[in-house]
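Here is the structure we will look at.
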Amino acid sequence: MALLARASLTTLSNICLPQARRRIKLSSFSYGSNNFPNVHTNRSPVCCTKLTPWESSPVTYAPSETDGEQFLEKGTSIFDRLNSEEIAEAPETATEELAGTNNGPFVQRQLLKLPMWVLGPSFLLVTGMVPSLWLPVSSIFLGPNMASLLSLIGLDCIFNLGATLFLLMADSCARPKHLNKPTISKPPFSYQFWNMFAAVTGFVIPLIMLFASHKGFLQTQLPFLSFAVLLGPYFLLLSVQTLTEMLTWHWQSPVWLVTPIVYEAYRVLQLMRGLKLAAELSAPNWMVHTIRGLVCWWVLILGIQLMRVAWFAGFTSQARQQISSTSTHGL
């Protein structure tokens, strides 16, 4: 009986163990000196909605009802749509902050410019009108010699100094409020052409008369030193005026419209002084008529310059009205 029981147990173990081995596959691996079984099982996925601290949250955008058809209208991505209005408002805010911070220095500059409105014309009065109106001719004219010529040139140089200071002050007052903006004030080509034409005509006419006198076409002849005393300062100041105008055109200064008026007004007084000196020198009639013709010519040119000032004032007001109208329509 005992032998029968052992035989039955061995047969049962031989039947059950292969089935268990099919269900669980055992494999051993060595860890140090020990062997452990490794059981392979099927792992099911685990869903978790919580994010780790180092992961960023996804970008979500939900359009509101007020957006309507304007959803993603300004750009191809949601970032263009979200930031477009903020970017448009940023320059305006920066401009307002900049204007607010610069108000203090701007007010100080304006206060410093106020005395120039009186100081600049005062230089013209002291250097130009006072010597011509109150200084007697006998103190600067001693006859047809070099001393008289140098005295007359000295008077005109004093006026030129005052005119230069006046133009510098006028340029400073005409600058825009914000100095970071470039000042562009370029005269039209027609204005430059006619100013150069007037200057060349003022040069050529007296030289033609002098050449005709030396060739014997005009009687009586006038010595060259007497001619230099009468019209030498006139030629010198006309050259200085032409150079100053060309510099204002090149630098695009706002005083290009004022420069010829300053010099031409003084030129009329200069030629009237020449008429007095012609009487002292007993100049021939053709010389007296030449000086009178030059007076009439520069009075005419001065009137044209004043007409241009009126035209420029009307043109500027019209341009400002157009700018204001376009800005109101844009708003």
Side-chain angles (χ1 to χ4, degrees), residues 106 108-135 140 150-177 179 181-188 191-192 194-196 198-199 202-203 232-274 294-295 297-313 315-316:
F106 169 68
Q108 295 177 359
R109 287 195 299 268
Q110 290 298 110
L111 292 176
L112 292 176
K113 289 181 180 180
L114 287 178
M116 296 183 184
W117 290 84
V118 180
L119 191 60
S122 299
F123 277 114
L124 285 180
L125 178 64
V126 172
T127 59
M129 299 297 103
V130 172
S132 299
L133 296 177
W134 278 278
L135 194 64
I140 57 175
L150 294 177
S151 299
L152 295 173
I153 291 176
L155 287 179
D156 294 340
C157 289
I158 293 173
F159 165 76
N160 185 45
L161 178 62
T164 303
L165 293 175
F166 170 78
L167 292 176
L168 290 175
M169 294 181 185
D171 180 83
S172 177
C173 293
R175 292 294 176 180
K177 298 179 181 179
L179 296 179
K181 296 181 179 179
T183 304
I184 300 176
S185 180
K186 188 176 181 180
Y191 176 85
Q192 300 178 8
W194 287 111
N195 275 23
M196 294 302 296
F203 271 112
Y234 163 81
F235 284 116
L236 181 61
L237 196 62
L238 183 57
S239 303
V240 172
Q241 176 192 345
T242 305
L243 179 61
T244 306
E245 289 187 39
M246 293 175 67
L247 289 176
T248 55
W249 299 342
H250 177 70
W251 292 334
Q252 297 180 354
S253 174
V255 298
W256 57 267
L257 195 61
V258 185
T259 302
I261 297 175
V262 172
Y263 283 96
E264 288 164 6
Y266 180 78
R267 184 165 297 114
V268 173
L269 295 176
Q270 188 184 36
L271 292 173
M272 295 298 294
R273 184 184 64 195
L294 290 175
V295 172
W297 171 252
W298 288 113
V299 169
L300 177 64
I301 298 300
L302 180 60
I304 295 175
Q305 297 289 353
L306 295 175
M307 291 289 290
R308 287 172 177 169
V309 171
W311 167 81
F312 187 76
F315 176 78
T316 305

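- Shortest non-hydrogen contact noted between Leu135 and Pro131 is CB-O, 2.9 Å.
- Taking OG1 of Thr244 as the start and CG of Asn160 as the end, the distance is 6.5 Å to the nearest 0.5 Å.
- Contact between Ile261 and Val309 at its shortest, heavy atoms only, is CD1-CG2, 3.5 Å.
- When side chains are defined from C-beta on, Thr127 does not count as touching Phe166, because their heavy atoms never get closer than 4.5 Å.
- Distance check: Met129 CE to Trp134 CH2 gives 10.0 Å after rounding to the nearest 0.5 Å.
- Here the OH atom belonging to Tyr234 is positioned 10.0 Å from the OG atom belonging to Ser239, to the nearest 0.5 angstrom.
- The minimum heavy-atom distance between Asp156 and Pro233, with the atom names listed, is OD2-CB, 2.7 Å.
- Ring orientation note: the planes of Phe235 and Phe203 are close to parallel, at an angle under 30° on the 30°/60° scale.
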Take Val262 and Phe159 through the side-chain contact (heavy atoms from CB on, under 4.5 Å) test and state the conclusion after the steps. CA-CA 10 Å; Val262 172; Phe159 165 76; 4.2 Å; yes

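- Taking SG of Cys173 as the start and CG of Leu168 as the end, the distance is 11.0 Å to the nearest 0.5 Å.
- You'll find the side chain of Gln305 reaches within 4.5 Å of the side chain of Asn195, heavy atoms only.
- Within 6.0 Å of CE in Met246 there are 12 or fewer heavy atoms belonging to other residues, nucleotides or ligands.
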Determine whether Trp298 and Leu238 satisfy the following criterion, side-chain contact (heavy atoms from CB on, under 4.5 Å), listing intermediate values before the conclusion. CA-CA 11 Å; Trp298 288 113; Leu238 183 57; 3.8 Å; yes

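- Proximity of Leu167 to Thr248: side-chain heavy atoms (C-beta onward) are nowhere separated by under 4.5 Å.
- One distance of note links OH of Tyr191 with CD of Glu245; it measures 6.0 Å at 0.5 Å rounding.
- Minimum heavy-atom separation, Met169 to Met116: O-SD, 4.1 Å.
- When every heavy atom of Gly202 is checked against every heavy atom of Leu294, the shortest pair comes out as O-CD2, 4.4 Å.
- Remark: of the listed residues Met307, Glu264, Arg267, Glu264 is the sole one forming a side chain to side chain contact (heavy atoms under 4.5 Å, CB included) with Leu302.
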Check step by step if side-chain contact (heavy atoms from CB on, under 4.5 Å) holds for Leu124 and Tyr266. CA-CA 10 Å; Leu124 285 180; Tyr266 180 78; over 6 Å; no

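- In this structure, CD in Gln241 is found 12.0 Å from CG in Leu236, a value given to the nearest 0.5 Å.
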